[in-house]
2 protein chains.
Amino acid sequence: MRADAKKNYSHLLAVAHDVVAEHGTDVSMRDIARRADVGLATLLRHFPTREALFEALLRTNLDALTQRADELEASSPPDEALLSWFREWIAFAQSHRGVVALMASAHTNPDSALYASCAAVHAASARLLLNAQAEGTARTDMNGDDFFGLMSALGWLVDLPPFAPRAGHLVHLIASAFLTNRPNNDVEKRCAQLDR
Amino acid sequence: MRADAKKNYSHLLAVAHDVVAEHGTDVSMRDIARRADVGLATLLRHFPTREALFEALLRTNLDALTQRADELEASSPPDEALLSWFREWIAFAQSHRGVVALMASAHTNPDSALYASCAAVHAASARLLLNAQAEGTARTDMNGDDFFGLMSALGWLVDLPPFAPRAGHLVHLIASAFLTNRPNNDVEKRCAQLDR
DNA sequence: ACCTGAACACCGTTCAAGT
DNA sequence: ACCTGAACACCGTTCAAGT
């Protein structure tokens, strides 16, 4: 990669980050290019599709997220780890509005730039679920796909402004569906932090 | 309404129904107009926005759906009525792919053509929930908004092809979150009919 | 190598002109 | 009254021409 290309690349990423934070996930590629004072074709050269752009934009945060799964697995009992993971996922969804919808439709499409990241999240989720199931604290009649489905559905929901204020409570509700021991008050309080 | 206008109106509705069934919710208005052998401006005159078109397209089915809430309320015990309502909603979502997302974002916007229909569904849901709560078969730490949120989230999810095969099971999972008595095997079997 | 203006085929909105 | 072609301001994609 040439020096000017490298500069353009990181500049575009920085601008995209700002403009997405400002105007949401569905800004046009043209707008981003304009804001970066760069030809639209230049943006498309670095990020051939909108998904490719978001993949680059989210890689760091998504890597950190899946790494949190490892930490939780090591430091917490399986049921607590599972619930904390679920909460952190929702927090991620809230701070990256619109991304969950992208991931949910990309996660079975190997051609998508987001496929690998989705697979990583899916794998981490399935692992934490299995741990809790083995311990008897998560219901055994669901699999990793079901769990990822619940994560996606709730992540999508809390992205909608009318539901954001109840996000934490909704997490608490869903948690009571997959945990066999109903979460206690302490957990409920931690969930409440997600309300917006 | 003049005779030719009336003819155009129903013709457009019929064409829209077919083309949506064929190509999904996100066909362009232009495509629909083309298929109807009518100027785009004519389509826009009858249905000034995409939401207005879908409102007209769904009114009959949505009316039937909310009426089902009344029937269920009269004929079934509150907890069964609540669960059946939830199941019928998901079945509706499955047969009108993409509509749930439209409704979820329209339900707090009084300017939307779909607002009234959303309000009707919301009200019916809240009523059935209250009945079950009064009877002690639904958890009392959730309100109508929460329930409508769960309905929306799951309806959106089962619209995604990868999750459709587990739709019934996912309904069963969520149901165990809002019903205090875990649903029995019989209910589980009825939910399984939603798998695609 | 890398950038970019311009052309292309789309989209929904608007409106003056036609019947 | 109702219809409609055309103009408009957008979108993402593609590519030949420039540095």
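To find a chain, count down the sequence lines: A is the first, B the second, and so on, and within it residues start at 1. Values reported hereafter were calculated over all heavy atoms of this structure, with side chains retained and with hydrogens, waters and symmetry mates removed.
- We find that CG of A/Leu43 is positioned 11 Å from P of C/dT4, with the value rounded to whole Å.
- Here D/dT13 is the nucleotide among D/dT13, D/dT4, C/dC3 with the atom lying nearest to any side-chain atom of A/Leu44.
- In this model, the phosphate group of C/dC3 is approached by a side-chain N or O of A/Asn8 to a distance below 4.0 Å at OP1 or OP2.
- Nearest to the side chain of B/Arg45, among C/dA7, C/dC11, D/dC3, sits D/dC3.
- Using a 4.0 Å heavy-atom distance criterion, A/Ser28 is classed as a sugar-phosphate-only contact.
- Residue A/Arg2 contributes atom CZ, which lies 4 Å from atom C1' of C/dA1 at whole-angstrom precision.
- Remark on DNA chain D: of its neighbouring residues A/Arg30 and B/Ala5, the 5'-side contact belongs to B/Ala5, judged by nearest-heavy-atom nucleotide.
- C/dA7 atom P lies 15 Å from atom CG of A/Leu40, rounded to whole Å.
- Across every strand in view, D/dA1 sits in a pair with C/dT19 that passes the Watson-Crick or G-U test at under 3.5 angstrom.
- Residues A/Asp31 and B/Lys6 each lie close to DNA chain D; by heavy-atom proximity, the contact nearer the 5' end of the strand is made by B/Lys6.
- When each of D/dC3, C/dC15, D/dC11 is scored by its nearest atom to the side-chain atoms of B/Ala41, the top-ranked nucleotide is C/dC15.
- Using cut-offs of 30° and 60° for the angle between ring planes, the A/His46 and A/Tyr9 rings count as perpendicular.
- Note: A/Phe148 and A/His107 have tilted aromatic rings, judged against thresholds of 30 and 60 degrees for the angle between ring planes.
- With salt bridges taken as basic N to acidic carboxylate O contacts below 4.0 Å, one links A/Arg127 and A/Asp70.
- The listed nucleotides are C/dG12, D/dG12, C/dC2; the one nearest the side chain of B/Met29 is C/dG12.
- Rounded to an integer number of Å, the gap from A/Ile32 CD1 to D/dC10 C1' is 16 Å.
- As rounded to whole Å, 16 Å separates atom C1' of D/dT13 from atom CD of A/Glu51.
- One interatomic measurement links the two molecules: CG of B/Asp4 to C1' of D/dC2, which rounds to 6 Å at whole-angstrom precision.
- For C/dG12, one of the phosphate oxygens OP1 or OP2 lies less than 4.0 angstrom from a side-chain nitrogen or oxygen of B/Arg50.
- For A/Arg34 and D/dC10, the shortest distance from a side-chain N or O to OP1 or OP2 is not below 4.0 Å.
- Electrostatic pairing of B/Asp31 and B/Arg34 counts as a salt bridge here, judged by a charged N lying under 4.0 Å from a carboxylate O.
- In this structure, A/Leu12 atom CG and C/dC2 atom P are separated by 14 Å, rounded to whole Å.
- Regarding contacts with the backbone of C/dC2, every side-chain N or O of A/His46 stays at 4.0 angstrom or more from both OP1 and OP2.
- One hydrophobic cluster, built from ILVMFWY side chains closer than 4.5 Å, cannot hold both B/Tyr115 and B/Phe92; they sit in different ones.
- Heavy-atom neighbours of A/His11 NE2 from other residues, nucleotides or ligands within 6.0 Å: above the threshold of 12.
- Using Watson-Crick or G-U wobble geometry with both donor-acceptor distances under 3.5 Å, D/dT14 finds its partner in C/dA6.
- Atom CG in B/Asp37 sits roughly 11 Å away from atom P in D/dG5 (whole-Å rounding).
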